[in-house]
Amino acid sequence: MKESDIATIESFKGLPVLTRSDSAYTYLISYLEKLYNVFVEASIKHDGKRSLFCKFDFTFPKMFNYVEDSFFSDFLAVFIKYLNSKSYRPLYIWVREQDKSVNPHFHLVLFIDGEKKWSPHDIHIYAAQLWCKHLNIPTVSGLIPEPRRHMIKWKQGFNPDNQSLAKAFQHGAYICKAKSKWLTPSYVNAIGHSMLTHTPGE
């Protein structure tokens with residue numbers, strides 16, 4: 001990470017980011033830019049109507065011996081294929097984090113067509129089962145907590161006055177904090193997202 005990419009801020013392009021009671025979080029600006037671009041893509045792909053936003057957290061069992069490879073990417077490919085098969089028109093952005101734990105963990109911000117889905121409950125059940133399958137362990141609870149959700153109403157505009165957008169972006173900004181990104185090896189992808197066909201301003 002470059003020092004020029006790190007900043008302590010309270011908003012990004014007018015949208016709020018998470019802050020703490022004692023101070024603001026330190027963020028990676030390049031990550032916030034990618035997150036913002038996925039929000040833009042969701043507003044267009046979901047026809048300017050609604051997007052169901054939810055953040056998933058993926059963890060490993062304590063005794064699991066994680067080896068750096070394409071594990072998460074392989075899991076994600078199957079997960080997104082399933083969501084596409086349901087015509088949910090998914091978009092996503094994910095990050096890898098690791099602090100003092102032996103294994104890393106992953107955060108996934110997911111956007112689903114809000115005209116097709118109001119709750120991520122059954123998606124969470126499928127994700128938990130699929131995650132355990134990829135870990136080659138029996139299905140157990142606790143590795144993927146139930147995600148919080150926001151329903152973004154795009155008709156209210158892509159601006160800070162749209163509270164549904166502002167609250168979702170603030171929640172999603174958590175994955176862009178600099179903390180817990182330092183232990184990712186340089187040869188490992190630490191962030192990924194859906195293919196984007198639109199950029200802000202187009």
Worksheet item: Hey, any chance Tyr31 and Trp94 share a hydrophobic cluster, counting ILVMFWY side chains that come within less than 4.5 Å of each other, even indirectly?
Response: no
Fill in: Ile125: partners by side chain to side chain contact (heavy atoms under 4.5 Å, CB included), with sequence neighbours left out
His121, Gln129
Worksheet entry | Inter- and intrachain pairs under side-chain hydrogen bond (donor to acceptor under 3.5 Å, both in side chains), touching residues 164-175, at least two apart | His150-His171, Asn162-Ser164, Tyr174-Lys177
Fill in: Cationic N near anionic O, under 4.0 Å, Glu97 to Lys179
no
Worksheet entry | Least distance between heavy atoms, Leu32 atom then Ala173 atom | CD2-CB, 4.0 Å
Worksheet item: Under 4.5 Å between any side-chain heavy atoms of Phe169 and Val17, yes or no?
Response: yes
Worksheet item: What residues, two or more places apart in sequence or in another chain, satisfy ring pair (Phe, Tyr, Trp, His ring centres under 6.0 Å) together with Phe111?
Response: Phe39, Phe53
Worksheet item: Yes or no on side-chain contact (heavy atoms from CB on, under 4.5 Å) for Arg89 and Asp47, after CA distance, side-chain angles and deciding distance?
Response: CA-CA 11 Å; Arg89 298 199 288 176; Asp47 306 319; 2.8 Å; yes
Fill in: Any side-chain heavy-atom pair of Val38 and Val109 under 4.5 Å
no
Response to the item:
Contacts of Ser30 meeting side-chain hydrogen bond (donor to acceptor under 3.5 Å, both in side chains) (sequence neighbours excluded), chain-then-number -> Asp5
Response to the item:
Hits for ring pair (Phe, Tyr, Trp, His ring centres under 6.0 Å) against Trp154, two or more places apart or cross-chain, chain-then-number order -> Phe158
Discussion item. Rounded to the nearest 0.5 Å, what separates atom OG in Ser51 from atom NZ in Lys116?
Written reply: 12.0 Å
Fill in: Check: Phe58 and Leu108 side chains under 4.5 Å, non-hydrogen atoms
yes
Worksheet item: If you group Ile, Leu, Val, Met, Phe, Trp and Tyr by side-chain heavy-atom gaps below 4.5 Å, do Tyr66 and Leu76 land in one group?
Response: yes
Worksheet entry | salt bridge (Lys or Arg N to Asp or Glu O under 4.0 Å) partners of Lys55, counting only residues at least two apart | Asp57
Worksheet item: Can you find a pair of side-chain heavy atoms, one from Leu52 and one from Arg149, that are under 4.5 Å apart?
Response: yes
Worksheet entry | Pairing residues for Ser11 by the side chain to side chain contact (heavy atoms under 4.5 Å, CB included) criterion, not counting sequence neighbours | none
Item to complete: Provide the closest heavy-atom pair for Pro90 versus Asn84 in the form atom of the first, atom of the second, distance.
Response: CD-OD1, 3.1 Å
Worksheet item: Are His124 and Ile144 side-chain neighbours, meaning at least one heavy-atom pair lies under 4.5 Å?
Response: yes
Worksheet entry | Donor-acceptor contact below 3.5 Å, side chain Gln98 vs main chain Val102 | yes
Discussion item. Could you go through Glu41 and Met195, starting from their C-alpha distance and side-chain angles, then the distance that decides it, and tell me whether this counts as side-chain contact (heavy atoms from CB on, under 4.5 Å)?
Written reply: CA-CA 9 Å; Glu41 187 78 11; Met195 183 179 297; over 6 Å; no
Fill in: Side chains of Ile9 and Ile29 in contact at under 4.5 Å (non-hydrogen atoms)
yes
Worksheet item: Can you list the residues that meet the side chain to side chain contact (heavy atoms under 4.5 Å, CB included) rule with Tyr82, with sequence neighbours excluded?
Response: Ser85, Lys86, Tyr126
Worksheet item: Applying the 4.5 Å side-chain criterion to the ILVMFWY set and letting contacts propagate, would Phe12 and Tyr27 be lumped into a single cluster?
Response: yes
Worksheet item: What residues, two or more places apart in sequence or in another chain, satisfy ring pair (Phe, Tyr, Trp, His ring centres under 6.0 Å) together with Phe64?
Response: Phe60
Worksheet item: Are Ile175 and Val40 in one and the same hydrophobic cluster, where Ile, Leu, Val, Met, Phe, Trp and Tyr link if side-chain heavy atoms are under 4.5 Å apart?
Response: yes
Response to the item:
Interatomic distance, CH2@Trp118 vs CD1@Ile112, rounded to 0.5 Å, equals 14.5 Å
Discussion item. Is there a path of hydrophobic side-chain contacts, each under 4.5 Å between heavy atoms of I/L/V/M/F/W/Y residues, joining Leu91 to Met151?
Written reply: no
Item to complete: Please name the pair of heavy atoms, one in Gly14 and one in Pro160, separated by the smallest distance, quoted to 0.1 Å.
Response: O-CG, 3.1 Å
Discussion item. For a 4.5 angstrom cut-off between non-hydrogen side-chain atoms, does Leu135 reach Phe71?
Written reply: yes
Worksheet item: For Pro61 and Ile137, which heavy atoms make the closest approach, and how far apart are they?
Response: CG-CD1, 3.9 Å
Worksheet, complete the sentence: Taken to the nearest 0.5 Å, the spacing of His105 NE2 from His107 NE2 works out to 3.5 Å
Item to complete: First locate atom CG of Leu28, then atom NZ of Lys34, and finally report the distance between them rounded to the nearest 0.5 Å.
Response: 10.0 Å
Worksheet entry | Cys54 SG to Glu146 CD distance, which is reported to the nearest 0.5 Å | 9.5 Å
Worksheet entry | Contact check, side chains of Ile123 and Phe79, non-hydrogen atoms, under 4.5 Å | yes
Discussion item. Is it true that, when you exclude Lys49 itself, more than 12 heavy atoms of the residues, nucleotides or ligands shown sit nearer than 6.0 Å to its NZ?
Written reply: no
Discussion item. Taking ring pair (Phe, Tyr, Trp, His ring centres under 6.0 Å) as the definition, give me every residue that meets it alongside His134, ordered by chain and number, with sequence neighbours left out.
Written reply: Phe75
Worksheet item: What residues, two or more places apart in sequence or in another chain, satisfy side-chain hydrogen bond (donor to acceptor under 3.5 Å, both in side chains) together with Glu115?
Response: Arg50
Response to the item:
ring-ring contact (aromatic ring centres under 6.0 Å, His included) with Phe106: of Phe56, Tyr92, Phe72, only one passes, and it is Phe72
Worksheet item: Among all residues two or more places apart in sequence or in another chain, which pass the side chain to side chain contact (heavy atoms under 4.5 Å, CB included) test with Asp122?
Response: Tyr88, Lys117
Worksheet entry | Distance, nearest 0.5 Å, that separates OG of Ser101 from NZ of Lys62 | 11.5 Å
Worksheet item: For Thr26, does its backbone N or O pair with a side-chain atom of Thr8 as donor and acceptor, under 3.5 Å?
Response: no
